[in-house]
Amino acid sequence: GSNAAAFLCTQSDRLLLGRFLGAAWLGFYGIALNLTEAINSLVFRMTSGVLYPALSQVIRDKDKDLPSFYYRFRLRLDLLSMAAPGFLGGVGPWNVHALWDSRYANAAWIVQILSVKVALISLMMAPEWVIIAHGFTRNSFGRSTIRLVANLVLMPLGWHYGGAAGVVWATTAAEVP
């Protein structure tokens with residue numbers, strides 16, 4: 001159940017984008033997504049490969065101070081995971097214009113919106129690993145399901161009220177906890 005919910009959650013934006021905006025817009029979104037996913041991937045590797053094992057050890061060792069450890073790690077993580085999307089939001093449009101011709105200009109503003117999405121995802125990754133390290137794995141399933149439902153509700157509303165930009169903002173709003 002959890003893997004299926006996570007898969008549907010991560011793919012629902014593309015499925016609905018293709019439905020509402022068509023193949024060309026799905027291509028613009030794909031370009032922007034590829035640029036922003038590099039940051040998301042890096043933060044995921046840091047939290048799953050470094051934070052999660054360290055959290056598990058701190059939780060097992062009752063002498064260690066979990067809040068102190070978490071906030072020390074979180075400070076370092078946030079310096080990277082918040083600065084990187086901000087930087088990408090600023091230089092992303094330049095990258096799009098430098099790498100692709102004018103037909104792909106719409107990907108530039110989509111990168112900026114998806115940079116906000118990456119920042120929101122980055123904010124939620126570390127707390128999710130704390131919950132998982134405590135053994136509450138069902139919360140991940142619940143969060144994936146909520147994000148899926150949010151996409152299913154918000155994307156049609158975004159299309160109705162904001163057109164293409166509304167749909168892209170809806171994918172970002174679905175990440176809000």
Side-chain angles (χ1 to χ4, degrees), residues 1-22 25-26 28-30 32-56 59 66-67 70-71 73-75 77-78 80-82 84-86 88-89 92 109-177:
S2 181
N3 288 339
F7 174 78
L8 288 172
C9 174
T10 58
Q11 299 302 316
S12 65
D13 59 342
R14 292 168 195 92
L15 294 171
L16 291 171
L17 252 156
R19 161 74 172 85
F20 288 113
L21 302 177
W25 281 95
L26 192 57
F28 303 145
Y29 185 80
L33 195 63
N34 283 337
L35 289 173
T36 57
E37 279 298 311
I39 297 168
N40 203 21
S41 216
L42 177 65
V43 173
F44 178 77
R45 286 183 183 170
M46 287 177 58
T47 55
S48 65
V50 178
L51 178 63
Y52 177 63
L55 279 171
S56 298
I59 289 170
L66 177 62
Y70 173 77
Y71 287 114
F73 185 89
R74 183 67 191 254
L75 177 64
L77 178 67
D78 285 350
L80 169 73
S81 66
M82 293 298 115
L88 185 60
W109 61 265
I110 295 173
V111 167
Q112 292 177 313
I113 296 172
L114 293 183
S115 293
V116 174
K117 181 178 181 176
V118 168
L120 289 170
I121 291 169
S122 296
L123 283 173
M124 293 307 301
M125 264 191 223
E128 281 187 24
W129 284 112
V130 171
I131 292 168
I132 291 169
H134 276 93
F136 300 110
T137 56
R138 290 184 186 194
N139 291 29
S140 292
F141 171 73
R143 177 143 162 70
S144 293
T145 304
I146 289 168
R147 286 174 34 221
L148 173 62
V149 170
N151 268 333
L152 294 174
V153 171
L154 294 174
M155 287 181 76
L157 289 172
W159 172 246
H160 180 74
Y161 290 108
V167 172
V168 177
W169 274 111
T171 66
T172 299
E175 297 298 330
V176 174

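Numbers here simply count residues along the sequence, with the first being 1.
- The structure places OG of Ser122 at 12.0 Å from CZ of Phe44, a figure rounded to the nearest 0.5 Å.
- Side-chain atoms of Asp13 and Thr171 include no donor-acceptor pair closer than 3.5 Å.
- Summarising the geometry, atom CD1 belonging to Ile110 is positioned 10.5 Å from atom OG1 belonging to Thr172; distances are rounded to the nearest 0.5 Å.
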>> With side chain to side chain contact (heavy atoms under 4.5 Å, CB included) as the criterion, how do Asn139 and Glu128 come out once you've worked through the C-alpha distance, each side chain's angles and the decisive distance to 0.1 Å?
In response: CA-CA 8 Å; Asn139 291 29; Glu128 281 187 24; over 6 Å; no
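- Partners of Phe73 by ring-ring contact (aromatic ring centres under 6.0 Å, His included), not counting sequence neighbours: none found.
- Here the shortest heavy-atom pairing between Trp129 and Thr47 reads NE1-OG1, 3.1 Å.
- Summarising the geometry, atom CE belonging to Met155 is positioned 9.0 Å from atom CG belonging to Leu15; distances are rounded to the nearest 0.5 Å.
- Across all their heavy atoms, Ile132 and Ser140 have their closest contact at CD1-OG, 3.3 Å.
- Residues Ala133 and Ile59 come closest through the heavy atom pair CB-CD1, 3.5 Å.
- Among the candidates Leu35, Ile39, Asn40, the single residue satisfying the side-chain contact (heavy atoms from CB on, under 4.5 Å) test with Glu37 is Asn40.
- Between Leu148 and Ser12, the closest heavy-atom pair is CD1-CB, 3.6 Å.
- Considering every non-hydrogen atom in both Ser115 and Gly89, the closest pair reads OG-N, 3.4 Å.
- Taken from CG in Leu33 to CG in Leu17, the straight-line distance is 9.5 Å, to the nearest 0.5 Å.
- Atom CG of Leu21 is separated from atom CH2 of Trp159 by 5.0 Å, given to the nearest 0.5 angstrom.
- One distance of note links CZ of Phe141 with CD1 of Ile146; it measures 10.0 Å at 0.5 Å rounding.
- Heavy atoms from other residues, nucleotides or ligands lying under 6.0 Å from CZ of Arg19 number 12 at most.
- Using a 4.5 Å cut-off on side-chain heavy atoms (C-beta onward), Arg74 and Leu123 make contact.
- The shortest side-chain heavy-atom distance between Leu77 and Met125 does not fall under the 4.5 Å cut-off.
- The two atoms that bring Asn151 and Ala170 nearest to each other are OD1-O, 4.0 Å, heavy atoms only.
- Judged by distance alone, with hydrogens and angles left aside, the side-chain atoms of Arg45 form no donor-acceptor pair with the main-chain N or O of Val50 at under 3.5 Å.
- Listed by first and then second residue, the salt bridge (Lys or Arg N to Asp or Glu O under 4.0 Å) pairs involving residues 167-177 are Arg143-Glu175, Arg147-Glu175 (not counting sequence neighbours).
- Taking the side chain as every heavy atom from C-beta outward, Ser144 and Phe7 never approach each other to under 4.5 Å.
- Classified by interplanar angle (parallel below 30°, tilted 30° to 60°, perpendicular above 60°), the ring pair Phe136/His134 is parallel.
- Using a 4.5 Å cut-off on side-chain heavy atoms (C-beta onward), Trp25 and Val167 make no contact.
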